[in-house]
Engineer: 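For reference, the structure I am asking about is given below.
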2 protein chains.
Amino acid sequence: MYTIKEVADKMDISEHTLRFWAKSGFFPFVKRNENNIRIFSENDLEWVKIVKCLRAVGTENKAIKRYIDLCILGDSTIKERYGIIQNTKKKALEQMEELKQQLALLDYKENFYQNLIKNNLKDTWNPMNNIREEAAV
Amino acid sequence: MYTIKEVADKMDISEHTLRFWAKSGFFPFVKRNENNIRIFSENDLEWVKIVKCLRAVGTENKAIKRYIDLCILGDSTIKERYGIIQNTKKKALEQMEELKQQLALLDYKENFYQNLIKNNLKDTWNPMNNIREEAAV
DNA sequence: TTACATCTTTAGAGCAACTCTCAAATTTTA
DNA sequence: TAAAATTTGAGAGTTGCTCTAAAGATGTAA
């Protein structure tokens with residue numbers, strides 16, 4: 001059993017964000033103690049994990065709420081939930097590709113600056129000149 | 001030479017976002033024609049590309065502005081720019097790792113639902129029961 | 001060459017998702 | 001027992017778009 005701070009530390013999510021998510025209806029299953037304090041069970045952590053996952057892939061909060069609601073509705077919603085997971089996975093793979101592209105550009109830039117520094121060269125590509133003697137990939 | 005709409009199409013960024021970025025000072029080098037309309041050169045597109053890259057990796061707009069300003073300041077800022085690129089790359093690699101983790105969870109979930117559907121099983125893990133007979137990874 | 005659609009501009013409103021501050025009520029620790 | 005830390009909800013503030021509006025420019029077609 002965990003307080004919100006413990007969850008925050010364990011899951012690397014700020015307390016503020018956890019409370020915001022709670023207010024957004026992402027954790028309808030989390031119980032409170034007699035003083036109204038949220039107590040997360042081990043099982044609840046798994047739900048925090050899936051919410052974090054959906055957010056990390058850019059799922060809108062409205063859609064996350066929908067997924068939670070479907071879970072609560074029970075077995076009749078399994079196919080819709082499956083579809084959501086499939087779409088989310090597809091989006092994650094696309095983001096992976098995008099990130100790879102950007103990493104390639106960053107690699108190029110890193111090399112470019114490394115070369116300038118090592119050989120004590122001037123940056124021949126000042127944007128204000130609109131002269132391009134050296135281009136980014 | 002491209003109008004803002006052409007850049008938007010070519011780079012897959014909305015016109016709104018490009019104008020917002022322009023207002024944020026990300027494109028001080030983009031020229032206007034006699035009717036005040038922005039005309040992006042081929043070279044300018046490379047700058048849009050690097051801005052898009054920095055954004056994609058979650059760089060704050062203030063930090064992007066800083067990078068642009070350093071470029072304009074010239075050769076004395078090459079080392080600082082190199083540092084920025086290195087940090088950005090590091091962040092990108094971390095995000096890559098994070099995405100991989102989330103993909104593993106999504107894979108697990110996909111399998112879980114696939115199994116439920118194929119074998120016509122019930123979802124034994126309803127959060128409202130706080131019973132965990134089947135857990136996410 | 002007039003009419004209409006499309007595109008451009010800026011200013012500013014609206015929005016999503018936090019992020020932070022506050023004050024009051026517990027807990028925990030020293 | 002007192003000080004420090006943590007919890008709560010309400011609500012203000014921030015970031016980075018996203019959209020709307022109004023006015024002007026441009027392109028196409030009859």
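Heavy atoms only: backbone and side chains are in, while hydrogens, waters and symmetry mates are out. So that the names make sense, note that chain A is the first sequence line, chain B the second, and so on, each numbered from 1.
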Engineer: Using 30° and 60° as the class limits, which term best fits the ring planes of B:W47 and B:Y67: parallel, tilted or perpendicular?
Structural biologist: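 Geometry flag for B:Y67 against B:W47: tilted rings.
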Engineer: Is there side-chain contact between A:E6 and A:M1, with heavy atoms separated by less than 4.5 Å?
Structural biologist: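 A:E6 does not reach A:M1 side chain to side chain.
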Engineer: Rounded to the nearest angstrom, tell me the gap between atom CD in A:E60 and atom P in D:dC17.
Structural biologist: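 Taking CD of A:E60 and P of D:dC17, I get 15 Å after rounding.
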Engineer: Using heavy atoms to find the nearest nucleotide of DNA chain D for A:K5 and B:K62 separately, return the residue whose nucleotide is more 5′.
Structural biologist: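 That would be A:K5.
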Engineer: Counting only side-chain N and O atoms of A:S24, is one of them less than 4.0 Å from OP1 or OP2 of C:dA17?
Structural biologist: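 No, because none of the side-chain N or O atoms of A:S24 sits under 4.0 Å from OP1 or OP2 of C:dA17.
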Engineer: Between C:dT9 atom C1' and B:I4 atom CD1, what is the distance in whole Å?
Structural biologist: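 The answer, rounded to whole Å, is 9 Å.
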Engineer: Does the side chain of B:Q101 pick up a donor-acceptor pair with the side chain of B:E97 at under 3.5 Å?
Structural biologist: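 No, B:E97 and B:Q101 have no side-chain donor paired with an acceptor closer than 3.5 Å.
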Engineer: What's the CD1-C1' distance between A:I39 and C:dT27, to the nearest Å?
Structural biologist: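 Nearest whole value for this atom pair: 12 Å.
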Engineer: In whole angstrom, what separates A:I37's CD1 from D:dA5's P?
Structural biologist: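 Rounded to whole Å, this separation is 17 Å.
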Engineer: A:I13 and A:V48: which non-hydrogen atoms are nearest, and at how many Å?
Structural biologist: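 Of all heavy-atom pairs spanning A:I13 and A:V48, the closest is CD1-CG1, 3.8 Å.
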Engineer: Looking at D:dC17, I'd like to know if its phosphate oxygens (OP1 or OP2) sit under 4.0 Å from a side-chain N or O belonging to B:R55.
Structural biologist: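 Answer yes for this pair, as a side-chain N or O of B:R55 is under 4.0 Å from OP1 or OP2.
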Engineer: In whole angstrom, what separates B:Y2's OH from C:dT8's C1'?
Structural biologist: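 That distance rounds to 19 Å.
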Engineer: At under 4.0 Å, does any side-chain N or O of B:N36 touch on OP1 or OP2 of D:dA25?
Structural biologist: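 The answer is no; no side-chain N or O of B:N36 sits under 4.0 Å from OP1 or OP2.
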Engineer: 5'-most contact on DNA chain C: A:F26 or A:E34, nearest heavy atom basis?
Structural biologist: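 First, find each residue's nearest nucleotide; the 5'-ward one identifies A:F26.
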Engineer: Taking only N and O in the side chain of A:R38, is any of them less than 4.0 Å away from OP1 or OP2 of C:dT26?
Structural biologist: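 False: A:R38 side-chain N/O out of range (4.0 Å or more) of C:dT26 OP1/OP2.
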Engineer: Show the nearest heavy-atom pair for residues A:A92 and A:V57, with the distance to one decimal.
Structural biologist: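 In terms of heavy atoms, the two residues are closest at N-CG1, 3.7 Å.
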Engineer: Between A:N61 and C:dA17, does any side-chain N or O lie under 4.0 Å from OP1 or OP2?
Structural biologist: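 Yes.
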Engineer: Whole angstroms only, please: what is the NZ-P distance between B:K23 and D:dC19?
Structural biologist: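 After rounding, the gap between these two atoms is 15 Å.
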Engineer: Do B:K79 and B:Y82 meet the cation-pi criteria used here (NZ or CZ under 6.0 Å from the six-membered ring centre, within 45° of the axis)?
Structural biologist: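 Checked: cation-pi criterion not met.
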Engineer: What is the distance, rounded to the nearest whole Å, between atom NZ of A:K52 and atom P of C:dC18?
Structural biologist: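 From A:K52 NZ to C:dC18 P: 12 Å.
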Engineer: I need the residues from residues 13-21 of chain B with at least one non-hydrogen atom less than 4.0 Å from DNA chain D; give them sorted by number, or say none.
Structural biologist: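 Within residues 13-21 of chain B, the residues near DNA chain D are B:H16, B:T17, B:F20, B:W21.
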Engineer: B:N35 side chain: which of C:dT10, C:dT8, D:dT26 is closest?
Structural biologist: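 Out of C:dT10, C:dT8, D:dT26, the nucleotide with an atom closest to B:N35's side chain is D:dT26.
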Engineer: Side chain of B:N33 only, please: which of D:dT26, C:dG12, D:dT7 is the nearest?
Structural biologist: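 Nucleotide nearest to B:N33's side chain: D:dT26.
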Engineer: In whole angstrom, give the distance that lies between atom CZ of B:R32 and atom C1' of C:dC7.
Structural biologist: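 To the nearest whole Å, that distance equals 15 Å.
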Engineer: In terms of side-chain geometry, is the basic nitrogen of A:E94 or A:K91 positioned less than 4.0 Å from the acidic oxygen of its partner?
Structural biologist: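 The answer is no: the pair does not qualify as a salt bridge.
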